[in-house]
Amino acid sequence: MVHHWSPFIIEFGNGFGLRWYGTAYVLAFVCAYLLLRWFSRNGYSELPEAKVGEFIGGHGFFHGVLDQRLVDHG
């Protein structure tokens, strides 16, 4: 059985649009940021709240892309 689902949430043109895969990554980063900020604010993490954005944006994104490249081409 083969599915015929579209990879696009919204397609604007021929092969251009908002895809489910990319949207899942963005939502994961937003959720991780909010959750880690909450942990920091309530004393459950040693990471200062002011550094949460730097951590998620820098380290999380870099390692996420690096891991994906290693999985895809490794």
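- Residues F55 and Y25 share a single hydrophobic cluster, defined by chaining ILVMFWY side chains whose heavy atoms lie under 4.5 Å apart.
- For the pair F29 and Y33, the minimum side-chain heavy-atom distance is 4.5 Å or more.
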Side-chain polar contacts of residues 41-53 - donor-acceptor pairs under 3.5 angstrom, sequence neighbours left out - could you list them?
from, atom 1, to, atom 2, distance (Å)
R41, NE, E49, OE2, 3.2
R41, NH2, E49, OE2, 2.7
N42, ND2, W38, O, 3.1
S45, OG, L47, N, 3.2

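- Cluster annotation: L27 and I10 are assigned to distinct hydrophobic clusters (Ile/Leu/Val/Met/Phe/Trp/Tyr, side-chain heavy-atom contacts under 4.5 Å, transitive).
- F12 and L18 get closest at one heavy-atom pair: CE1-N, 4.2 Å.
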